[in-house]
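Residue numbers start at 1 and run along the sequence shown. The analysis underlying the following values was restricted to heavy atoms, covering all of them including side chains, and did not include hydrogens, waters or symmetry mates.
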Amino acid sequence: MRTQLLFLLISLLVLNSESLNCYENNPRGHPSDLRVFHISSPCSPFKKKPNTVSWESTLLQDKARLQYLSSLAVKSSVPIASGRAIVQSPTYIVRANIGTPAQPMLVALDTSNDAAWVPCSGCVGCASSVLFDPSKSNSSRTLPCEAPQCKQAPNPTCTVSKSCGFNMTYGGSAITASLTQDTLTLANDVIPNYTFGCINQATGTSLPAQGLMGLGRGPLSLISQTQNLYMSTFSYCLPNSKSSNFSGSLRLGPKFQPLRIKTTPLLKNPRRSSLYYVNLVGIRVGNKIVDIPTSALAFDPATGAGTIFDSGTVFTRLVEPAYLAVRDEFRRRVKNANATSLGGFDTCYSGSVVFPPVTFMFAGMNVTIPPDNLLIHSSSGNTSCLAMAAAPNNVNSVLNVIASMQQQNHRVLIDVPNSRLGISRETCT
């Protein structure tokens with residue numbers, strides 16, 4: 001009996017410790033660090049039951065997200081083609097405290113979106129049981145129609161009471177929200193008068209349950225609203241999704257950023273001004289630089305073509321001519337084995353195979369993808385596939401996207417004032 005009680009006590013202590021660790025910020029002792037969780041992490045309340053998520057379904061979500069990214073125009077509100085259900089895949093979440101006193105929300109990170117929004121009390125159609133209640137915050141206020149932020153919101157509207165609202169689509173969902181200001185607390189940093197959307201009505205099932213924090217380059221993004229505090233600089237380290245209990249970090253501001261880091265210039269595309277573009281000049285498979293048409297990698301402000309880093313896409317997507325060239329060279333270098341298909345992946349191998357390294361060559365830096373980031377494995381472990389695919393083949397398929405799986409266990413630095421994106425290896429788990 002005593003042994004059973006001791007085992008129960010130890011189990012409770014371990015569970016309590018894990019619960020505390022899940023929501024404790026400053027993971028590496030830096031004052032502006034937030035823990036970042038994969039949406040399927042044991043720390044995430046949104047994790048799905050085992051065997052309910054497949055690589056194939058994730059690939060389909062990625063395909064839809066690429067169509068969304070390709071459709072982005074100058075405004076942060078983007079038109080989605082009629083009848084097309086775009087499913088986005090916010091994969092990583094952080095804890096944000098909103099209001100006074102603070103109400104904690106687990107919001108999805110999205111480096112390619114600007115406006116933040118959370119489900120609010122009284123929301124019709126919001127799926128989350130966790131709702132922000134502005135009436136319980138003594139620092140909350142709804143912005144009037146004449147506020148300058150109202151013009152920056154997607155599809156702004158003016159209510160009968162002269163308060164500002166907006167509506168937008170996200171994936172196959174649509175939201176109607178009130179433009180609100182309140183205190184936002186991230187780690188140890190208190191941000192007064194933060195502007196975000198308080199969702200009143202939602203339709204569809206693709207919304208992040210407790211809201212979204214946009215880290216894009218637009219005027220309503222976290223980075224733009226906190227220029228004086230964080231100086232338009234942040235970095236993130238995404239944990240490996242194979243870890244059973246893991247978290248990464250979102251580091252805000254120029255302090256404590258890595259000093260030894262490879263960088264490439266950040267490019268700004270006025271056609272898709274929220275996205276973080278870089279100049280991908282080539283791709284090497286093994287020791288050979290693959291022969292890719294120049295137009296497939298070229299940065300073109302007129303069309304929005306080029307290469308971006310994105311936290312919401314899971315598997316790297318290359319425009320078709322680039323992908324086919326990389327895929328064919330990859331296959332050629334895998335000796336004594338024939339490629340097969342598995343789900344949406346077309347370069348898969350069974351058994352023990354030696355795979356060539358793949359290096360992305362950016363202006364000023366090369367990044368070799370580690371094997372864990374390059375390959376996905378079947379649930380049985382006998383089959384491995386190249387974790388890349390071609391971009392959707394439509395009129396907007398001009399974007400190459402360096403996705404979250406290929407970024408795992410790297411610190412990615414976004415330094416807007418110095419127009420640079422940096423990458424350094426780091427164990428995020």
Side-chain angles (χ1 to χ4, degrees), residues 38-40 44-49 52-54 56-73 75-94 96 98 105-133 153-157 159 164-180 196-216 218 220-221 274 310-314 344 392 394 396 401 404:
H38 192 278
I39 201 165
S40 298
S44 167
F46 315 122
K47 61 181 180 293
K48 296 184 179 181
K49 294 179 181 179
T52 61
V53 180
S54 68
E56 187 172 2
S57 65
T58 303
L59 196 65
L60 289 173
Q61 290 180 340
D62 270 3
K63 181 178 179 180
R65 183 171 175 85
L66 262 290
Q67 291 173 331
Y68 159 77
L69 293 173
S70 293
S71 72
L72 288 178
K75 296 177 66 176
S76 58
S77 165
V78 299
I80 299 298
S82 176
R84 179 186 296 160
I86 305 298
V87 179
Q88 297 188 49
S89 50
T91 315
Y92 293 93
I93 53 176
V94 297
I98 306 174
M105 306 290 286
L106 294 175
V107 296
L109 291 181
D110 197 334
T111 56
S112 297
N113 273 273
D114 297 325
W117 30 265
V118 296
C120 289
S121 56
C123 175
V124 177
C126 288
S128 177
S129 59
V130 178
L131 304 172
F132 173 68
D133 189 345
N155 303 314
T157 59
T159 66
C164 182
F166 69 88
N167 59 79
M168 63 177 290
T169 57
Y170 190 89
S173 300
I175 64 170
T176 300
S178 300
L179 199 62
T180 303
F196 61 96
C198 197
I199 302 177
N200 307 314
Q201 185 173 1
T203 59
T205 59
S206 59
L207 295 176
Q210 294 184 26
L212 178 138
M213 179 182 293
L215 293 172
L220 286 182
S221 76
S274 296
D310 179 50
S311 64
T313 308
V314 179
N394 58 43
N396 287 318
V401 179
S404 64

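Partners of T159 under the side chain to side chain donor-acceptor pair (under 3.5 Å) rule, at least two apart in sequence or in another chain, are S161, S163. Applying the side-chain contact (heavy atoms from CB on, under 4.5 Å) test to T205 and every residue at least two apart in sequence or in another chain returns nothing. Every residue two or more places apart in sequence or in another chain that forms a side-chain contact (heavy atoms from CB on, under 4.5 Å) with A96 is listed here: V107, L184, L186, M213. Partners of S221 according to the side chain to side chain donor-acceptor pair (under 3.5 Å) rule, which considers only residues two or more places apart in sequence or in another chain, are S224. By the side-chain contact (heavy atoms from CB on, under 4.5 Å) test, T157 pairs with N167, sequence neighbours left out.
Atom CZ of residue F132 and atom CZ of residue F196 lie 4.5 Å apart, to the nearest 0.5 angstrom. Here the CE-CG distance, from M105 to L212, works out to 11.5 Å after rounding to the nearest 0.5 Å. Separating the OG atom in S178 from the CD atom in Q201 is a distance of 11.5 Å, to the nearest 0.5 Å. Note that CD1 of I199 is 12.0 Å distant from OG of S121, once rounded to the nearest 0.5 Å. How far CD1 of I98 is from SG of C120: 8.0 Å, rounded to the nearest 0.5 Å. F166 contributes atom CZ, which lies 8.0 Å from atom CG of L220 (distance to the nearest 0.5 angstrom).
As summarised for C126 and C123, their two SG atoms come within a distance smaller than 2.5 angstrom, satisfying the threshold.
The closest side-chain donor-acceptor pair between S274 and D114 falls under 3.5 angstrom.
Using a 4.5 Å heavy-atom cutoff, the side chains of L106 and V130 are not in contact. Side-chain atoms of W117 and P154, non-hydrogen and from C-beta on, never get closer than 4.5 Å to each other. In this structure the side chain of I175 reaches within 4.5 angstrom of the side chain of M168, judged on heavy atoms. Side-chain contact check for L215 versus L109: some heavy-atom pair is nearer than 4.5 Å.
Across all their heavy atoms, A209 and P119 have their closest contact at O-CG, 3.5 Å.
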CA sep, side-chain torsions, deciding dist, call: Y170, L207, side-chain contact (heavy atoms from CB on, under 4.5 Å)
CA-CA 7 Å; Y170 190 89; L207 295 176; 4.0 Å; yes
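Looking only at distances, no side-chain donor or acceptor of S404 sits under 3.5 Å from a matching main-chain atom of G312.
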